[in-house]
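Here is the structure we will look at.
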Amino acid sequence: MISVPPIQLNIQNARIGIDFTRGEMSIRQPQPDIEMTTTPTKIELNSPKGELKIDQDAAWDALGVSRRETFNARMASEGRRIAMEAIERIAEKGNRLARIQDHADVIADFAAEDAFTGNGVNYLGDPSYNNVDIDYIPHKVETEVTPGSVDYRATPHYAEVNYQPGKVSFYMQQYPKVEMIPPQIDLKV
């Protein structure tokens, strides 16, 4: 039998090369344009003056400088009182004069008593620390408010997007190859 040497095979596989660059994206968002206009609030205050009433008639009356009506009314009431007191004094003096049996100098006593007595007319009012009446009437403050406002306008800007696509390239880095090396056959027959 004849022996056949084996065939030598050299196999080279194929290799595919891939090169790629990534895609690039840039996004820019400009700020919106904003306009604001403000109208201020208006407040108007109207404060009418209050009323101050001072009644100092009682103080003037206590000082003897009262109003004519007050003075006349006081003199009328004082006149009645003085007339009644005078009638009483006259009656008492008559009674003293009628008692002759006392042997006193009644007329000289009358002269001495009358020399140091006043007329008894009270033309002054009552003195007091509270003779002046003060009244204050405040008036309500009138308030008018005109509300303000804010006008707001915004102009948006769209986003600016730039995209550079990436690239992919395929290429054969190594081609497939099969090499057959036959054995040397030396046959002699």
Side-chain angles (χ1 to χ4, degrees), residues 1-74 124-189:
M1 219 183 11
I2 304 178
S3 83
V4 179
I7 298 174
Q8 183 180 3
L9 289 175
N10 289 334
I11 299 173
Q12 181 177 341
N13 291 330
R15 270 196 223 157
I16 298 175
I18 302 174
D19 287 335
F20 69 90
T21 55
R22 292 181 181 251
E24 292 181 12
M25 179 183 288
S26 67
I27 299 175
R28 184 176 165 271
Q29 177 67 55
Q31 294 291 326
D33 294 331
I34 297 174
E35 282 183 44
M36 286 196 317
T37 307
T38 304
T39 305
T41 300
K42 273 181 154 180
I43 299 174
E44 292 183 26
L45 299 173
N46 184 14
S47 177
K49 292 182 180 179
E51 296 177 39
L52 178 63
K53 295 181 181 179
I54 300 174
D55 182 9
Q56 50 189 350
D57 288 342
W60 288 116
D61 190 29
L63 293 172
V65 190
S66 59
R67 293 187 329 169
R68 193 173 309 176
E69 297 87 19
T70 307
F71 182 77
N72 289 339
R74 182 173 295 113
L124 299 177
D126 294 329
S128 172
Y129 68 92
N130 199 15
N131 275 348
V132 178
D133 293 328
I134 299 175
D135 288 327
Y136 179 72
I137 301 169
H139 291 290
K140 188 175 180 181
V141 176
E142 298 166 3
T143 305
E144 185 176 328
V145 177
T146 305
S149 63
V150 176
D151 294 329
Y152 182 82
R153 284 186 213 102
T155 306
H157 295 291
Y158 296 106
E160 298 171 2
V161 179
N162 290 324
Y163 178 69
Q164 294 282 67
K167 295 179 185 174
V168 178
S169 21
F170 296 94
Y171 61 92
M172 287 302 290
Q173 193 174 19
Q174 180 176 322
Y175 286 97
K177 178 169 138 186
V178 176
E179 187 179 346
M180 249 195 248
I181 301 174
Q184 283 191 349
I185 302 179
D186 206 359
L187 285 180
K188 293 182 187 175
V189 186

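Count residues from 1 along the sequence.
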For this session: First locate atom CG of Asn162, then atom CE of Met25, and finally report the distance between them rounded to the nearest 0.5 Å.
Result: 10.0 Å
Seminar exercise, completed: Contacts of Glu35 meeting salt bridge (charged side-chain N to carboxylate O under 4.0 Å, His left out) (sequence neighbours excluded), chain-then-number -> Arg153
For this session: Could you walk me through whether Ile11 and Lys177 pass side chain to side chain contact (heavy atoms under 4.5 Å, CB included), step by step?
Result: CA-CA 6 Å; Ile11 299 173; Lys177 178 169 138 186; over 6 Å; no
For this session: Mind listing the closest non-hydrogen atom pair of Tyr171 and Ile18 along with its distance?
Result: CE2-N, 4.1 Å
Problem set entry | Reported CG-to-CD distance for the pair Leu9 and Glu179, which is rounded to 0.5 angstrom | 9.5 Å
Problem set entry | Separation between OG of Ser47 and NZ of Lys140, rounded to the nearest 0.5 Å | 12.5 Å
Exercise. Do the side chains of Glu144 and Glu142 get nearer than 4.5 Å, heavy atoms only?
Worked result: no
For this session: Indicate the atoms forming the closest heavy-atom contact of Asn131 with Ala58, along with that distance.
Result: O-CB, 3.3 Å
For this session: Report, as yes or no, whether the 6.0 Å neighbourhood of atom CD1 on Ile137 holds more than 12 heavy atoms from other residues, nucleotides or ligands.
Result: yes
Problem set entry | Interatomic spacing from CE in Met172 to CZ in Arg15 - rounded to 0.5 Å | 10.5 Å
Exercise. So with a 6.0 Å cut-off around CZ of Phe20, is the heavy-atom count from everything else above 12?
Worked result: no
For this session: Identify the two heavy atoms, one from His157 and one from Gln31, that lie closest to each other, and give their separation to 0.1 Å.
Result: CD2-O, 3.0 Å
Exercise. Do you know which two heavy atoms are closest between Pro30 and Tyr158, and how far apart they sit?
Worked result: CD-O, 3.7 Å
Exercise. Heavy-atom count around Glu160 CD within 6.0 Å, excluding the residue itself: above 12?
Worked result: yes
Exercise. Hey, what do you get for CD (Gln8) to CD1 (Ile181), rounding to the nearest 0.5 Å?
Worked result: 4.0 Å
Problem set entry | Beyond-backbone contact of Ile7 with Pro183, side-chain heavy atoms, under 4.5 angstrom | yes
Exercise. How about Gln174: does its CD atom have over 12 heavy atoms from other parts shown lying under 6.0 Å from it?
Worked result: yes
For this session: Starting at OG1 of Thr143, measure out to CD1 of Ile43 and round the result to the nearest 0.5 Å.
Result: 8.5 Å
Exercise. Would a 4.5 Å heavy-atom cut-off, applied to side chains only, mark Asn46 and Glu44 as touching?
Worked result: no
For this session: Decide if atom CE of Met36 counts as having more than 12 heavy atoms of other residues, nucleotides or ligands within a radius under 6.0 Å.
Result: no
For this session: Give a yes or no on whether the backbone of Lys167 and the side-chain of Thr21 come within a donor-acceptor separation of less than 3.5 Å.
Result: yes
Seminar exercise, completed: Nearest heavy-atom contact between Tyr175 and Gln12 is O-NE2, 4.0 Å
Seminar exercise, completed: Nearest heavy-atom contact between Gln29 and Ala159 is OE1-CB, 3.3 Å
Problem set entry | With Asp57 via salt bridge (charged side-chain N to carboxylate O under 4.0 Å, His left out) - residues at least two apart | Arg67
